[in-house]
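A quick write-up on the structure given underneath.
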Amino acid sequence: MKKILSLALVVVLIVAMAAGCAPKSEPAAAPPANESTSGENAYKDGTYTAKGDTDERGWTPEVTVVVKDGKISEVKYDEARAMNKSEDAEYIKSFKDAKNVDIVSVYKQFGEALVAAQDAEKVAAVSGATGSFTNFKALAAEAIAQAKDGDNLKDGSFKATGQTDERGWTPYVTITVAEGKITAATYDEASSNAVVFKSEDEGYKASFMKNKNVDVAAAYEKFGTDLVAAQDIAKVDVTGGATHSGENFKALVEKALSQAK
């Protein structure tokens, strides 16, 4: 009996010694704030915006990415350009109310008169928009000067831009020359204070749908929802019907997210 008790005591002592020598396990460190527990790279919470280069038609691509709890939660992509007076319904109405003049019709008359006269100096004044007419004559002459090749006009499209006024409107004239003659001319005034977005421009959307059978607003929205789902721009397919915009989207998302690293 004493031998059994002694043996039991020895076993207990060995177990106790072994437990004392075993390495202690440290508690797992809590992941830093905004870091994914899955091991993926997380982003800093915030709102990040990136803009691309303005194209030849005046559209500037822009993406806004919202990061919440280390993940992309919202994405908005669009392309904007300065709004023209001839597109600004509020301005058109206020001008009509104040002067009883349809500014869109007047601007159209400017262009038609230049096509008929083929010379800015021979364009007769159009009543109702004196300041715009003065701008038109000067800028039309400047655009025609760009198109001059000796006594002839070079085929192509030529644009002249004037000084921005105190309200932020910048006048411009664009003329088109074909077979040595002015075939089209447009006058307008653009404001960077007011912009129009492709996703909201009914005329642009209708044209895009007609030419490519693509709903540009839906395409832009899909860019964003796909990125939120994938959390990785490399996994977003932008090769649909708005490929050029898709390429802009991918580049700008990478630029925006680089700010969130």
Side-chain angles (χ1 to χ4, degrees), residues 51-62 79-89 91-92 95-96 99 101-198 201 203-204 206-208 210-212 243-245 247-248:
K51 291 185 179 183
D53 295 329
T54 302
D55 67 17
E56 68 281 359
R57 295 184 179 182
W59 294 105
T60 303
E62 177 176 328
E79 298 179 24
R81 64 176 169 80
M83 181 177 283
N84 294 325
K85 277 187 177 178
S86 64
E87 301 167 332
D88 187 334
Y91 182 89
I92 294 168
F95 201 89
K96 178 78 170 177
K99 298 190 176 185
V101 172
D102 181 346
I103 198 76
V104 177
S105 177
V106 168
Y107 289 177
K108 185 179 179 182
Q109 288 178 54
F110 290 170
E112 292 172 344
L114 180 59
V115 171
Q118 294 291 306
D119 184 339
E121 288 303 315
K122 294 179 180 178
V123 175
V126 178
S127 62
T130 307
S132 292
F133 179 73
T134 301
N135 286 333
F136 171 74
K137 287 194 70 171
L139 294 175
E142 185 179 328
I144 291 169
Q146 296 173 33
K148 283 284 188 181
D149 183 13
D151 292 332
N152 300 316
L153 298 178
K154 299 175 290 185
D155 287 0
S157 181
F158 306 90
K159 182 176 180 178
T161 303
Q163 296 294 316
T164 303
D165 67 18
E166 68 281 359
R167 296 185 179 180
W169 293 105
T170 304
Y172 69 90
V173 165
T174 303
I175 65 167
T176 302
V177 178
E179 298 181 358
K181 289 195 172 185
I182 299 168
T183 57
T186 58
Y187 173 82
D188 218 320
E189 300 179 26
S191 173
S192 57
N193 298 326
V195 299
V196 58
F197 292 98
K198 279 186 176 179
D201 186 332
Y204 182 89
S207 174
F208 204 86
K210 180 179 179 181
N211 293 327
K212 297 193 176 184
T243 306
H244 181 67
S245 292
E247 291 171 354
N248 284 333

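- Looking only at side-chain heavy atoms (C-beta outward), D53 and T60 stay at 4.5 Å or farther from each other.
- Using a 4.5 Å heavy-atom cutoff, the side chains of F197 and W59 are not in contact.
- Under a 3.5 Å cut-off, the side chain of T183 and the backbone N or O of T176 do form a donor-acceptor pair.
- Put simply, the side chain of F158 does not reach to within 4.5 Å of the side chain of L153, judged on heavy atoms.
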Would W169 and Y91 count as a ring pair (Phe, Tyr, Trp, His ring centres under 6.0 Å) here? Give the steps.
CA-CA 12 Å; W169 293 105; Y91 182 89; 5.5 Å; yes
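- No side-chain heavy atom of F95 sits under 4.5 Å from any side-chain heavy atom of D88.
- Heavy-atom neighbours of K99 NZ from other residues, nucleotides or ligands within 6.0 Å: at or below the threshold of 12.
- Qualifying salt bridge (Lys or Arg N to Asp or Glu O under 4.0 Å) partners for E142, counting only residues two or more places apart in sequence or in other chains: none.
- To the nearest 0.5 angstrom, S207 atom OG is 9.5 Å from D201 atom CG.
- Within a 6.0 Å radius of CG in N211, more than 12 heavy atoms belonging to other residues, nucleotides or ligands are found.
- A cation-pi arrangement is absent between K85 and Y107, since the terminal nitrogen or guanidinium carbon is not both under 6.0 Å from the aromatic centre and inside a 45° cone about the axis.
- What you find for V126 and Q109 is that their closest heavy atoms are CG1-OE1, 3.6 Å.
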Run the side-chain contact (heavy atoms from CB on, under 4.5 Å) test on E87 and V104 for me, step by step, so that the C-alpha distance in whole Å, both residues' side-chain angles and the decisive distance to 0.1 Å come before the verdict.
CA-CA 8 Å; E87 301 167 332; V104 177; over 6 Å; no
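- Shown are L139, N135, T161; of these, the side chain to side chain contact (heavy atoms under 4.5 Å, CB included) with V173 is made only by L139.
- The side-chain heavy atoms of K159 and T174, taken from C-beta on, include a pair separated by under 4.5 Å.
- Aromatic rings of F110 and F133 (six-membered ring for Trp) have centroids within the 6.0 Å cut-off, being under it.
- Between A129 and V106, the closest heavy-atom pair is CB-CG1, 3.9 Å.
- If you take OG1 on T170 and CD on Q163, they are separated by 8.5 Å, rounding to the nearest 0.5 Å.
- Annotation: K154, atom NZ; neighbour count of heavy atoms from other residues, nucleotides and ligands within 6.0 Å is above 12.
- For the pair Y172 and E189, the tightest heavy-atom approach, listed with the atom from each and the gap, is CE2-N, 4.3 Å.
- Between the side chain of N84 and the main chain of S86, no donor-acceptor pair closer than 3.5 Å is present.
- I175 CD1 to I144 CD1: the interatomic distance, rounded to the nearest 0.5 Å, is 5.0 Å.
- Smallest separation of non-hydrogen atoms from V196 and A82: CG1-O, 4.4 Å.
- Under a 3.5 Å cut-off, the side chain of D188 and the backbone N or O of P171 do not form any donor-acceptor pair.
- Contact detail for A120 and K137: the closest heavy-atom pair is O-CE, 3.3 Å.
- A heavy-atom distance below 4.5 Å is found between the side chains of Q118 and K181.
- What you find for G168 and N193 is that their closest heavy atoms are CA-ND2, 3.8 Å.
- P61 places a side-chain heavy atom less than 4.5 Å from the side chain of E79.
- Residue-environment remark: NZ (K51) stays at or below the threshold of 12 foreign heavy atoms within 6.0 Å.
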